[in-house]
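Values in this document were obtained by computation on a predicted structure and should not be read as measured data.
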Amino acid sequence: MIVFIAVLSADVDQIAKDLKLTYDVVRNGVLTPYATVTYFANITLENVGQREIPSSGWSIYFCHHTLIQPVYYNVSTNQYIGGGLILSGNMTLSHVKGCMFKLDPYNGENLAFRTLPLIPGEIRNISFLASNWAISKYDVFPNWYLGNGSRYTVIDNTANDVPNFVAPHSTFVQFMRGVPNDVMSIPPTPFERYRGINFTALDDVKYSILPTPLKTSQRRGTVDIDNTWTIDINGRKSLGRLAGYLQKNIKGTKISKKKNSDSKVISLKIVKAPKDVNPEAYKLRVRSKPARVEISAYTNGGVFNGIQSLFSMLAFGGTIPAVSIFDQPRFSYRGLQLDVARNFFPKSTIYKLLDAMSLFKLNKLQLNLADDEGWRLAIEGLPELTDIAGKRCHDYSEKTCLFSQLGSDPSGTGVGSGFYTKQDYIDILKFARDRNIEVIPSINMGGRARAAVIAMNQRADQTKSDQYLMHDRNTDNIYLTDTLFDDSAINPCMKGTLNFFDHVVNYTTAIANIAWKYGINLSGFEEFFVAWPTTDPRGGPLVPFDRSRFPEKMSMSAITRNAQNDVFIQRATAFANNGYKVILSQSDFLSLDHAPEADPESPGDYWGIRYIDPLRVFLISPRTQML
């Protein structure tokens with residue numbers, strides 16, 4: 001006989017307070033009989049309350065970035081053998097979907113493994129092996145939560161963006177992927193942390209401009225800029241928006257027509273461009289007699305760059321030296337990518353990012369709006385994309401939301417949920433335009449399209465139409481992605497897939513005022529343009545598809561990320577020599593989601609390299625212009 005003790009919703013809330021959970025990485029670099037690399041870890045459950053925690057009726061849900069007990073995972077069913085695996089501590093482990101796993105107290109027929117109540121003060125250990133390694137406390141996601149079938153509550157001591165419930169990584173076998181080879185994972189000493197960094201007196205750098213201008217000539221004298229100054233656009237109405245932007249940042253100034261000899265004037269001017277000039281070049285002249293600032297350029301973008309250089313000089317006050325500057329960017333594409341699909345950021349945060357980008361004269365923001373874990377842009381005619389895929393919560397059926405992933409709150413609040421309305425997106429585009437930044441919407445499809453797939457599955461169920469269905473539910477193909485999903489790939493042969501692409505691309509480009517009927521430009525990561533691995537003698541890691549495969553008028557940009565071996569680092573040159581535009585995005589130099597140092601207490605990922613400190617970012621310095 002199986003005894004089942006029901007736990008009321010109020011009990012789940014109390015258990016979430018009484019249960020203290022600790023995650024401890026014991027050691028990395030454990031080889032299994034199948035020669036796969038794993039690490040050994042413990043989950044500790046401690047009752048810090050005043051009453052016993054029942055032996056059944058509750059479950060723990062949590063996101064784990066790698067597969068637990070991979071040897072016992074049945075790849076033909078994408079579940080553990082027998083539907084669940086009994087671990088130490090008499091807890092049954094099962095895989096829910098994606099990174100989500102579940103621990104249940106065992107209450108089956110085998111009395112030897114039957115879970116007992118957890119009495120006050122008692123500690124229970126759950127030990128296991130997991131794939132790969134965990135060398136940082138941030139490898140463990142927060143917001144582990146309890147559920148009883150009707151209510152789901154985050155365990156108190158895991159409810160923090162900083163996973164303080166993870167035990168310190170204090171030994172070599174804890175913070176190194178393999179001893180003794182993984183020397184890059186050894187935490188730095190104070191000497192090593194600051195080696196190579198020069199400390200300079202503030203007075204020596206307070207007028208510095210980043211990026212450093214091409215030519216700078218110091219003049220005699222200084223200028224005091226305050227609210228008595230006037231902005232002159234020299235009759236060019238197109239500069240009115242930039243003048244307004246300048247006025248907001250130097251409060252109290254007025255916009256008015258002035259003479260060339262007048263003082264206390266910031267002059268913005270568009271001049272005629274000769275042939276073959278850089279459209280974003282500018283000249284900035286600060287004169288002390290008469291006191292004037294003159295910014296001239298060939299385009300509004302150039303004027304904006306000059307304004308940003310002026311802002312840099314004004315960072316520590318209104319008194320700046322007289323100077324003459326000529327500057328122009330080396331690259332026409334100076335970009336940053338932000339992923340809002342996995343974790344959502346509101347419009348206000350995007351505004352802050354765009355302002356920061358403009359200070360450094362970056363001009364492209366690739367906004368990743370859709371991935372496995374979320375869809376973040378409202379699309380008229382397809383409300384399910386945001387009603388369902390724009391939210392993560394605990395709904396196993398996924399009729400109201402995507403199932404919780406990546407440590408998102410089971411209630412549907414927090415960074416796992418949210419989307420941009422049409423007006424939000426228009427506002428972002430306008431805000432970016434005023435800062436000489438182009439927003440490039442990025443929708444991750446192919447094998448990472450689960451958010452769209454689930455939303456369109458629900459639409460098909462509700463409308464009884466397969467017009468936008470992209471996933472063949474009757475397929476015999478079984479797969480598991482690196483994000484542990486088995487239902488995230490679209491079927492390119494289904495008519496619904498083409499219908500979906502047509503609808504989304506037409507709508508998205510219409511918001512950006514691009515004429516889709518005349519074609520749009522295409523960019524993709526390097527793998528998209530290379531048939532490799534392949535047995536075709538015409539292919540290979542350095543042989544991209546012939547450019548003639550794509551429309552002649554379509555601009556093709558290959559984003560190269562891999563610089564980690566002597567072959568792949570040559571891909572940028574190979575693409576450029578075959579007619580592609582190339583965007584350098586080397587993951588081991590430029591992935592700013594990485595940890596800034598090899599400290600297990602330091603937040604950040606390490607999928608490209610163990611860490612990327614500020615010095616390393618600037619070590620990559622291309623010598624030729626590729627765009």
*Asks:* Do NZ/NE/NH1/NH2 and the carboxylate oxygens of D424 and K422 come within less than 4.0 Å?
*Replies:*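 So D424 does not pair with K422 through a salt bridge.
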
*Asks:* Does one side chain, of T66 or N132, offer a donor that lies under 3.5 Å from an acceptor on the other?
*Replies:* no

*Asks:* Examine H394 together with Y61 and report whether their ring centres are nearer than 6.0 Å.
*Replies:*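 Yes, the ring of H394 comes within the 6.0 Å limit of the ring of Y61, centre to centre.
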
*Asks:* Ring centroids only, cut at 6.0 angstrom: are F485 and Y479 within range, meaning strictly under it?
*Replies:* no

*Asks:* With under 30° as parallel and over 60° as perpendicular, where do the rings of Y23 and H64 fit, or are they tilted in between?
*Replies:*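 Judged by the thresholds at 30° and 60°, the geometry between Y23 and H64 is tilted.
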
*Asks:* Does the plane of the ring in F62 sit parallel, tilted or perpendicular to the ring in W144? Use 30° and 60° as the thresholds.
*Replies:*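 Parallel, since the angle between the ring planes stays under 30°.
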
*Asks:* Between L129 and Y39, is there a side-chain heavy-atom distance shorter than 4.5 Å?
*Replies:* no

*Asks:* Of all heavy-atom pairs between L103 and L87, which one has the smallest distance, and what is that distance?
*Replies:*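 Scanning both residues completely, I find the closest heavy atoms to be CD2-CD1, 4.2 Å.
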
*Asks:* For D355, does the CG atom sit with more than 12 other heavy atoms under 6.0 Å from it, leaving out its own atoms?
*Replies:*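 Yes, the 6.0 Å shell around CG holds more than 12 heavy atoms from other groups.
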
*Asks:* Please tell me if the side chains of L336 and L353 come closer than 4.5 Å, counting only heavy atoms from C-beta onward.
*Replies:* yes

*Asks:* Could you please spell out the steps behind the side-chain hydrogen bond (donor to acceptor under 3.5 Å, both in side chains) verdict for T483 and D372?
*Replies:* CA-CA 9 Å; T483 49; D372 281 339; 3.3 Å; yes

*Asks:* If you measure only the distance, is there a donor-acceptor pair under 3.5 Å linking the side chains of S404 and S408?
*Replies:*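 There is such a pair (donor and acceptor under 3.5 Å, judged by atom type) between the side chains of S404 and S408.
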
*Asks:* Distance alone, cut at 3.5 Å: any donor-acceptor contact between the side chains of H95 and Y80?
*Replies:* no

*Asks:* Establish, for the pair R610 and Y606, whether the NZ or CZ atom is under 6.0 angstrom from the six-membered ring centre and no further than 45 degrees off its axis.
*Replies:*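 R610 over Y606 ring: yes.
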
*Asks:* Step by step, would you call D139 with S136 a side-chain hydrogen bond (donor to acceptor under 3.5 Å, both in side chains)?
*Replies:* CA-CA 5 Å; D139 282 326; S136 164; 5.0 Å; no

*Asks:* Of the options E373, H471, E398, which is the one that meets R450 in a side-chain hydrogen bond (donor to acceptor under 3.5 Å, both in side chains)?
*Replies:* E398

*Asks:* Please say whether the positively charged group of K97, taken as NZ for Lys or CZ for Arg, lies over the ring of Y396, i.e. under 6.0 angstrom from the six-membered ring centre and within 45 degrees of the axis.
*Replies:* yes

*Asks:* Does R435 count as lying over the ring of F431, i.e. NZ or CZ under 6.0 Å from the six-ring centre, within 45 degrees of the axis?
*Replies:*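 Output yes; distance and angle both within limits.
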
*Asks:* Looking at side-chain heavy atoms only, is the closest gap between L406 and F141 below 4.5 Å?
*Replies:*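 Yes, at least one pair of side-chain atoms sits under 4.5 Å.
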
*Asks:* Checking N457 side chain against I454 main chain: does a donor-acceptor pair fall under 3.5 Å?
*Replies:*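 The answer is no, because no donor-acceptor pair under 3.5 Å joins these two groups.
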
*Asks:* One pair to check against side-chain hydrogen bond (donor to acceptor under 3.5 Å, both in side chains): T32 and T36. What are the steps and the verdict?
*Replies:* CA-CA 6 Å; T32 69; T36 57; 2.6 Å; yes

*Asks:* Assess, by modelled atom type and distance only, whether the side chains of W607 and D593 contain a donor and an acceptor separated by less than 3.5 Å.
*Replies:* yes

*Asks:* Is the number of heavy atoms from other residues, nucleotides or ligands within 6.0 Å of OH (Y72) greater than 12?
*Replies:*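 Atom OH in Y72 is not packed in, count stays at 12 or less.
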
*Asks:* Quick one: do the N143 and T158 side chains pair a donor with an acceptor below 3.5 Å?
*Replies:*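 Checked: N143/T158 side chains show no N/O donor-acceptor pair below 3.5 Å.
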
*Asks:* Kindly assign one of parallel, tilted or perpendicular to the pair W375 and F500, based on the angle between their ring planes and the thresholds 30° and 60°.
*Replies:*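 Correct class here is perpendicular.
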
*Asks:* Measure from NZ or CZ of R392 to the centre of the six-membered ring of F403, then state whether that distance is under 6.0 Å and the direction lies within 45° of the axis.
*Replies:* no

*Asks:* With a 3.5 Å cut-off and no angle check, do the side chains of N444 and D371 form a donor-acceptor pair?
*Replies:*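 A pair is found: one side chain offers a donor N or O, the other an acceptor, under 3.5 Å apart.
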
*Asks:* State whether D482 and R448 are salt-bridged, where the test is any N-O pair (Lys NZ or Arg NE/NH1/NH2 against Asp/Glu carboxylate O) under 4.0 Å.
*Replies:*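 Salt bridge present between D482 and R448.
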
*Asks:* F589 versus I609: any side-chain heavy-atom pair under 4.5 Å?
*Replies:*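 Side chain of F589 against side chain of I609, heavy atoms only: no contact under 4.5 Å found.
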
*Asks:* Check whether any side-chain heavy atom of T508 lies under 4.5 Å from a side-chain heavy atom of L369, and answer yes or no.
*Replies:*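 No, side chains not in contact.
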
*Asks:* With the threshold set at 4.0 Å, does a side-chain nitrogen-carboxylate oxygen contact exist between R342 and D339?
*Replies:*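 Salt bridge: yes.
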
*Asks:* Is the count of non-hydrogen atoms from other residues, nucleotides or ligands lying under 6.0 Å from F528 atom CZ greater than 12?
*Replies:* no

